[in-house]
Amino acid sequence: MSADIKRFTNSTPMRVGVLGFGGLGQAAAKLIAPKSEMLLVAVADLKGYAYATEGLDVNKCVNAYARGSVGYLEGGGMLSNQSIQELIENSQVDGYFLALPNLPNTFIASVAQMFMRSPWQGVLVDAIKRTSAVEQLLTLKTDFQAAKITYLTGCGATPGLLTAAAVLAAQSYAEVHSVKITFGVGIANWEAYRATIREDIAHLPGYSVERAKAMTDSQVEALLEESNGVLTLENMEHADDVMLELAGVCDRDRVTVGGVVDTRNPKKPISTNVQVTGRTFEGKISTHTFTLGDETSMAANVCGTAFGYLKAGIGLQRRGIYGLFTAAEIMPQFVR
Ligand code: NAD
């Protein structure tokens with residue numbers, strides 16, 4: 001290892017927080033625990049938060065959450081119905097991963113505004129999915145700059161990892177004809193990822209975000225039962241389109257996203273991939289395909305990417321660069 005790399009690795013770890021402690025939030029905390037460059041100091045859920053400057057014990061947080069909230073954690077836990085607001089006021093955190101449900105579709109933007117109203121300055125990363133949700137954040141760009149917040153949006157798997165891969169693939173072409181994202185997700189039970197599944201249901205014909213949010217758990221179960229636990233999604237409203245358009249790769253109508261989600265089997269029903277078709281400067285039409293390994297879970301692909309962007313965002317913030325960026329504009333950095 002070069003002296004430069006060692007110096008960077010040995011520097012004080014970045015103090016990070018995870019908002020939302022459901023399926024993705026817990027996976028994020030577990031993923032970050034063995035890393036030396038980042039220290040998990042803050043977590044929050046709907047009913048409380050936990051904060052410890054020396055770092056949180058992930059297993060103890062998971063146990064506290066199983067009792068109802070991370071707020072039950074002994075030493076650092078606090079029960080609260082305004083957990084995010086109180087955490088912002090009572091902590092020192094360099095950057096947060098927002099593993100929160102975007103239900104309603106304006107929720108994440110409202111959380112971002114909560115940060116902007118506080119004196120806090122730092123980095124926020126989301127794994128938001130809908131085009132309309134990213135568009136709300138785009139309207140806040142100058143507000144983020146004024147608040148000295150570096151906000152990176154669409155930093156999960158899709159949008160996120162696959163969108164960034166599409167930007168890389170586009171480099172071979174003079175013109176990009178299509179970007180086709182197909183994802184396969186396998187989870188053992190839907191309760192582990194309630195928000196993800198509700199937000200997926202909202203894409204089914206005849207459903208909306210409001211309708212999916214209003215469904216009771218037993219209604220969700222009855223719907224899943226109709227298709228043996230499998231959701232098949234086509235032509236989804238996914239922000240990969242606006243992100244690739246903004247990055248200048250292609251018009252948004254050339255981007256399509258669909259997938260299959262099995263809520264009763266952790267094995268992926270199909271391989272997740274992005275196919276980028278275009279014309280080279282010599283006039284040849286070709287397709288690049290980037291396929292994720294079938295053994296990689298949704299949690300691994302979303303949370304790994306989110307922290308890669310969090311590290312990149314902290315780098316920008318330290319150089320005085322604030323505002324709103326998408327996963328298609330910035331290269332994620334690998335967290336050691
Ligand atoms: P979940 O339902 O398992 O957990 C949500 C968590 O948020 C819970 O801990 C809950 O207590 C907490 N929460 C809810 N409201 C809160 C509030 N007001 N204050 C504080 N905490 C609150 O959710 P999940 O399945 O882990 O999904 C999280 C998000 O990740 C969803 O929006 C989903 O769409 C997104 N996601 C993105 C991708 C991607 O590739 N981009 C993939 C999967 C999931």
Side-chain angles (χ1 to χ4, degrees), residues 17-30 42-50 61-62 64-66 68-72 78-88 96-111 114-115 125-131 133-134 152-165 181 183-187 189-203 209 212-213 217 220 231 233 236-240 243 257 259 261 263 272 274 292 296-306 309 326-327:
V18 173
L19 301 185
F21 207 63
L24 281 186
Q26 290 180 40
K30 288 175 191 165
V43 292
D45 60 44
L46 187 57
K47 298 280 171 211
Y49 66 92
C61 290
V62 171
Y65 188 74
S69 169
V70 293
Y72 286 111
M78 194 66 75
L79 293 169
S80 164
N81 288 325
Q82 282 93 38
S83 57
I84 299 176
Q85 183 64 46
E86 286 187 23
L87 183 59
I88 299 172
Y96 287 97
F97 169 34
L98 312 183
L100 293 163
N102 198 28
L103 297 166
N105 197 36
T106 50
F107 181 64
I108 300 265
S110 72
V111 170
M114 206 186 282
F115 277 96
V125 168
D126 72 38
I128 222 165
K129 291 206 278 200
R130 282 193 176 254
T131 307
V134 166
L152 287 91
T153 189
C155 302
T158 166
L161 183 58
L162 297 175
T163 337
I181 292 173
F183 64 84
V185 168
I187 52 177
N189 59 79
W190 86 274
E191 289 94 339
Y193 293 95
R194 285 166 196 265
T196 301
I197 298 308
R198 276 207 170 75
E199 289 178 37
D200 282 343
I201 288 172
H203 289 275
V209 176
K213 182 177 186 293
D217 284 359
V220 170
L231 293 173
L233 303 154
M236 299 170 80
E237 185 215 310
H238 246 231
D240 308 81
M243 290 161 60
V257 181
V261 181
T263 61
T272 296
V274 52
L292 304 187
T296 61
S297 62
M298 174 178 79
N301 292 318
V302 173
C303 300
T305 306
Y309 280 103
T326 82

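Both ligands and their constituent atoms are indexed starting at 1 by order of listing. Numbering of residues begins at 1 and proceeds along the displayed sequence.
- A search for ring pair (Phe, Tyr, Trp, His ring centres under 6.0 Å) contacts involving Y96 returns F115, W120, not counting sequence neighbours.
- For the pair V274/T158, no side-chain contact is recorded, criterion being any heavy-atom separation below 4.5 Å from C-beta on.
- A donor-acceptor pair under 3.5 Å is formed between the side chain of R198 and the backbone N or O of A212.
- Enumerated by chain and number, the residues approaching ligand 1 to less than 4.0 Å through a heavy atom are G20, F21, G22, G23, L24, D45, L46, Y65, S83, I84, A99, L100, P101, N102, F107, A127, K129, G156, A157, T158, P159, A192, Y193, R194, A195, T196, E199, M298, V302.
- Residues satisfying the ring pair (Phe, Tyr, Trp, His ring centres under 6.0 Å) test with F183, not counting sequence neighbours, are none.
- Side-chain atoms of Q26 do not come within 3.5 Å of backbone N or O of V62 as any donor-acceptor pair.
- Here E86 pairs with S80 under the side chain to side chain donor-acceptor pair (under 3.5 Å) rule; sequence neighbours left out.
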